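Read through the structure below, which is laid out as structure tokens, and then see the notes.
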Amino acid sequence: QVQLVESGGGLVQPGGSLRLSCAASGSIFRLYVMGWYRPAPRNQRELVATITSSGDTNYANAVKGRFTVSRDIANNTVYLQMNSLKPEDTAVYYCNAVVSTSSAPNKYNYWGQGTQVTVSS
């Protein structure tokens, strides 16, 4: 099993900043992609930002230029630096990791419990 533990959410005024962290632990053979998602219509989750093991990043258009995703490979941790926050960024942010748990090629998708970000004056 793999566990993802998020931290860093909270209440911030518009224009402020927050930094989210997510640490992965457990039966990890290899971590491929780590990233952040938030709820979308019809019970989906929309991508906020992801980063691969080689450092390639991908961002939602709504957060480009304001959010930065980074990764500490040695500690299996992913970060999301959120600047210039807007009220529409208010959401529960979920950490995601694509993991293999052995040398077999199977990859598994894991989710954290979510951390609340509220942007309000």
Side-chain angles (χ1 to χ4, degrees):
Q1 270 289 12
V2 174
Q3 297 80 39
L4 302 179
V5 179
E6 300 128 328
S7 61
L11 172 65
V12 64
Q13 292 187 343
S17 298
L18 281 175
R19 189 189 195 212
L20 306 183
S21 301
C22 172
S25 62
S27 303
I28 299 170
F29 180 78
R30 183 176 177 184
L31 263 174
Y32 294 92
V33 183
M34 295 189 78
W36 298 91
Y37 290 73
R38 61 192 183 189
R42 294 185 295 277
N43 281 331
Q44 300 295 309
R45 289 179 180 173
E46 65 177 9
L47 178 149
V48 176
T50 59
I51 184 167
T52 69
S53 56
S54 57
D56 295 326
T57 58
N58 187 29
Y59 294 94
N61 287 334
V63 308
K64 281 181 182 176
R66 300 188 298 121
F67 291 11
T68 302
V69 63
S70 60
R71 187 166 166 176
D72 180 347
I73 300 249
N75 292 302
N76 292 335
T77 300
V78 64
Y79 304 97
L80 185 67
Q81 178 66 45
M82 304 186 293
N83 298 329
S84 302
L85 282 159
K86 305 175 181 180
E88 51 264 42
D89 295 317
T90 295
V92 177
Y93 284 72
Y94 294 93
C95 178
N96 173 264
V98 179
V99 175
S100 60
T101 57
S102 72
S103 58
N106 308 72
K107 296 179 183 178
Y108 301 94
N109 214 19
Y110 289 93
W111 294 93
Q113 80 284 356
T115 185
Q116 177 70 46
V117 171
T118 303
V119 185
S120 175
S121 54

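If you're wondering where the values come from, they're calculated on a predicted model, not measured in any experiment.
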Would you say [X] and [Y] are hydrophobically clustered, going by side-chain heavy atoms of ILVMFWY under 4.5 Å?
X: Leu4; Y: Val48; value: yes
X: Met34; Y: Val2; value: yes
X: Leu47; Y: Val33; value: no
X: Tyr94; Y: Val69; value: no
X: Ile73; Y: Ile51; value: no

Please name the pair of heavy atoms, one in [X] and one in [Y], separated by the smallest distance, quoted to 0.1 Å.
X: Pro14; Y: Ser121; answer: CD-N, 3.7 Å
X: Ser53; Y: Arg30; answer: OG-NH2, 3.9 Å
X: Gly114; Y: Val92; answer: CA-CG1, 3.7 Å

- With no hydrogens and no angle check, is any side-chain donor or acceptor of Thr115 less than 3.5 Å from a backbone partner on Gly9? yes

- Message: Is it the case that the side chain of Glu6 and the backbone of Gln113 share a donor-acceptor pair, with hydrogens and angles ignored and the cut-off at 3.5 Å?
- Response: yes

Taking the side chain as every heavy atom from C-beta outward, state whether [X] and [Y] have any atom pair closer than 4.5 Å.
X: Trp36; Y: Val78; result: yes
X: Ser17; Y: Val12; result: no
X: Met82; Y: Val117; result: yes
X: Val63; Y: Arg38; result: yes
X: Asn96; Y: Arg45; result: no
X: Asn58; Y: Asp56; result: no
X: Gln116; Y: Thr90; result: yes

- Task: Look at the rings of Tyr37 and Trp111 and say which category their plane angle falls in: under 30° parallel, 30 to 60° tilted, over 60° perpendicular.
- Result: perpendicular

- Task: Just do the side chain to side chain contact (heavy atoms under 4.5 Å, CB included) check on Leu31 and Arg71 with the steps written out, would you?
- Result: CA-CA 11 Å; Leu31 263 174; Arg71 187 166 166 176; 3.2 Å; yes

- Task: Could you grab the distance from atom OH of Tyr59 to atom CG of Leu80, nearest 0.5 Å is fine?
- Result: 7.5 Å

- Spacing of CD belonging to Gln1 relative to OG belonging to Ser25, to within rounding of 0.5 Å: 10.5 Å

- Task: Tell me, with the steps shown, if Phe29 and Val99 meet side chain to side chain contact (heavy atoms under 4.5 Å, CB included).
- Result: CA-CA 7 Å; Phe29 180 78; Val99 175; over 6 Å; no

- Item | Verdict with reasoning, Ser120 to Leu11, per side chain to side chain contact (heavy atoms under 4.5 Å, CB included) | CA-CA 7 Å; Ser120 175; Leu11 172 65; 4.2 Å; yes

- Just by distance, with hydrogens left out, do Thr52 and Ser54 show a side-chain donor and acceptor under 3.5 Å apart? yes

- Message: For Tyr110 and Thr101: C-alpha separation, side-chain torsions, deciding distance, then whether side chain to side chain contact (heavy atoms under 4.5 Å, CB included) applies.
- Response: CA-CA 11 Å; Tyr110 289 93; Thr101 57; 4.2 Å; yes

